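Below: one structure, written as structure tokens.
Since this is a predicted model, take the numbers as computed values, not measurements. In what follows, chains are A, B, ... by sequence order, proteins preceding strands, each numbered from 1.
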Protein chains: 2
Amino acid sequence: MSHSRVDVAERIDNEACPLTEVLERVAGKWSIGILVAAAQGPVRFTELERAIAGISRRMLTLNLRRLERDGLLVRTVYPTVPPKVEYSLTPMARELHTSLSGLVGWAERHRADITTARAAYDASAVDAGTAS
Amino acid sequence: MSHSRVDVAERIDNEACPLTEVLERVAGKWSIGILVAAAQGPVRFTELERAIAGISRRMLTLNLRRLERDGLLVRTVYPTVPPKVEYSLTPMARELHTSLSGLVGWAERHRADITTARAAYDASAVDAGTAS
DNA sequence: CAGGATCCATGTTGATACTG
DNA sequence: CAGTATCAACATGGATCCTG
């Protein structure tokens, strides 16, 4: 039945546009890290800040807001002093965990391969340039 | 045993940095679309261009080069006239298919939820601003 | 057909400083 | 602690024109 190549191509054509927008949030540079880090349970702002390494306060805040806005994170403020804010995944976001871990696992497994591939690609590009 | 929260946080801290770089390529705005479209078999440039909808020639080329450089795509040039170029996934990239489909499936299932969540979030934000 | 090259508008990120 | 505000640097993306 209709699982020809045209079929899939059309599916992407028709739905990837809004889908792209959705995927961008989920699969953006920092989102995966945040989502994975928050998967263990409620996480505090500072915990995330340290867990995600290269992220700036600004970017963390922005991403948290976006994820909250899209219904992936719940932000809980405890009106104590000093302030305490916890972020946790919504059920919808929890459904992502498998795919996200899959992605992270893949990245871990193939990090070296990718580095190698890059070096090889760059080397042959240089060769082509040097071939005069 | 050691799957405490500190454990996971450290794992992310130590490895997410280069990992982030890897994930960016895979999870970038267009990469998923390209990878999914190419999963069906060799795809030509123009096929991709039409399949991915909003993408420009420039962005498609750039992304194809990056994916090729990272060893996720193989570019095959047929020296015919007019030229014919096909892109196909490497075995490494094929391993991603499950996770990627999972992501796409999730996005499809929850697109409406996300739209709703956004509207709700924005509405309450407006309320707060209007509450003078 | 499948790009490469260039210019320019825009968005994204980081650094820094300040706050309830 | 958990942000917000502002500015400057940089990357991203689109439009346009050109080519083997």
Side-chain angles (χ1 to χ4, degrees), chain A residues 9 16-17 20-21 23-34 37-38 42-70 73-88 121 124-125 128-129 131, chain B residues 5 9 16-17 20-34 37-38 42-70 73-88 121 125 128-129:
Chain A
C17 201
T20 296
E21 196 194 359
L23 287 173
E24 257 188 290
R25 314 227 166 277
V26 167
K29 180 171 185 178
W30 306 109
S31 312
I32 296 181
I34 294 175
V43 188
R44 299 188 58 174
F45 187 88
T46 310
E47 288 185 285
L48 286 169
E49 195 174 2
R50 277 176 309 200
I52 304 189
I55 199 168
S56 65
R57 227 166 233 155
R58 177 186 154 76
M59 279 306 99
L60 180 54
T61 303
L62 258 56
N63 277 279
L64 288 171
R65 289 288 174 281
R66 266 211 296 231
L67 291 170
E68 188 197 355
R69 179 173 180 243
D70 287 353
L73 286 182
V74 177
R75 179 166 173 267
T76 312
V77 182
Y78 298 93
T80 59
V81 45
K84 179 180 173 183
V85 180
E86 281 188 341
Y87 295 89
S88 50
Y121 183 93
S124 53
Chain B
R5 79 164 24 182
C17 201
T20 296
E21 197 194 357
V22 172
L23 288 173
E24 256 188 291
R25 313 229 166 277
V26 167
K29 181 171 185 175
W30 305 109
S31 310
I32 295 181
I34 295 176
V43 189
R44 300 188 57 175
F45 187 88
T46 310
E47 288 184 284
L48 285 169
E49 195 175 3
R50 276 176 308 199
I52 303 191
I55 199 167
S56 65
R57 233 167 227 152
R58 175 186 156 77
M59 281 304 102
L60 181 54
T61 304
L62 259 53
N63 276 279
L64 288 171
R65 289 289 173 279
R66 268 214 293 233
L67 291 170
E68 188 197 356
R69 179 173 179 244
D70 287 354
L73 285 182
V74 177
R75 180 165 172 267
T76 311
V77 183
Y78 299 92
T80 59
V81 46
K84 179 181 173 184
V85 180
E86 281 187 341
Y87 295 89
S88 50
Y121 184 94

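No donor-acceptor pair under 3.5 Å is formed between the side chain of A:E49 and the backbone N or O of A:T46.
Taking atom CD of B:E68 as the reference point, atom C1' of C:dA2 lies 13 Å away to the nearest angstrom. Here the P atom of nucleotide C:dC1 and the CG atom of B:L64 are 16 Å apart, to the nearest Å. Atom P of nucleotide C:dC1 and atom CZ of B:R75 are separated by 16 Å, given to the nearest angstrom. Distance B:R44 CZ to C:dC1 C1': 7 Å, rounded to the nearest Å. The CG atom of B:L67 sits 13 Å away from the P atom of C:dG3 (whole-angstrom rounding). One can place CZ of A:R66 at 6 Å from P of C:dT12, the figure rounded to the nearest angstrom. Atom CD1 of B:I55 is separated from atom P of C:dG3 by 12 Å (rounded to the nearest Å). At whole-Å resolution of the value, CD in B:E24 and C1' in C:dT12 are 11 Å apart.
Nucleic acid contact for A:Y87: sugar-phosphate only, since backbone atoms but no base atoms lie under 4.0 Å from a heavy atom of the residue.
Put simply, the side chain of A:N63 reaches to within 4.5 Å of the side chain of A:S31, judged on heavy atoms. Looking at heavy atoms from C-beta onward, A:V26 lies out of side-chain contact with A:D70 at the 4.5 angstrom threshold. Contact of the B:L62 side chain with the B:R58 side chain is registered, since non-hydrogen atoms from C-beta on lie closer than 4.5 Å. Within the 4.5 Å cutoff, side-chain heavy atoms of B:F45 are placed close to those of B:R57. The shortest side-chain heavy-atom distance between A:L48 and A:L60 falls under the 4.5 Å cut-off. B:R66 has its side chain out of reach of B:R69: every pair of non-hydrogen atoms, C-beta onward, lies at least 4.5 Å apart. Proximity of B:W30 to B:I52: side-chain heavy atoms (C-beta onward) are separated by under 4.5 Å at one or more points.
Each of A:W30 and A:P82 lies near DNA chain C, and the nucleotide nearest A:W30 is the one positioned closer to the 5' end. Heavy-atom distances to DNA chain D give each of A:R58 and A:P83 a nearest nucleotide, and the one nearer the 5′ end belongs to A:P83. Residues A:T46 and B:R57 each lie close to DNA chain D; by heavy-atom proximity, the contact nearer the 5' end of the strand is made by A:T46.
In the helix from C:dC1-D:dG20 to C:dG20-D:dC1, the end axes, each obtained as the rotation axis mapping the C1' atoms of four pairs onto the next four within a five-pair block, lie 60° apart to the nearest 10 degrees.
Bracketed by its first and final contacts, the part of DNA chain D lying under 4.0 Å from non-hydrogen atoms of chain A reaches from D:dC1 to D:dT6 in 5' to 3' order.
Note: B:E24 CD to A:K29 NZ = 4.5 Å, rounded to the nearest 0.5 Å.
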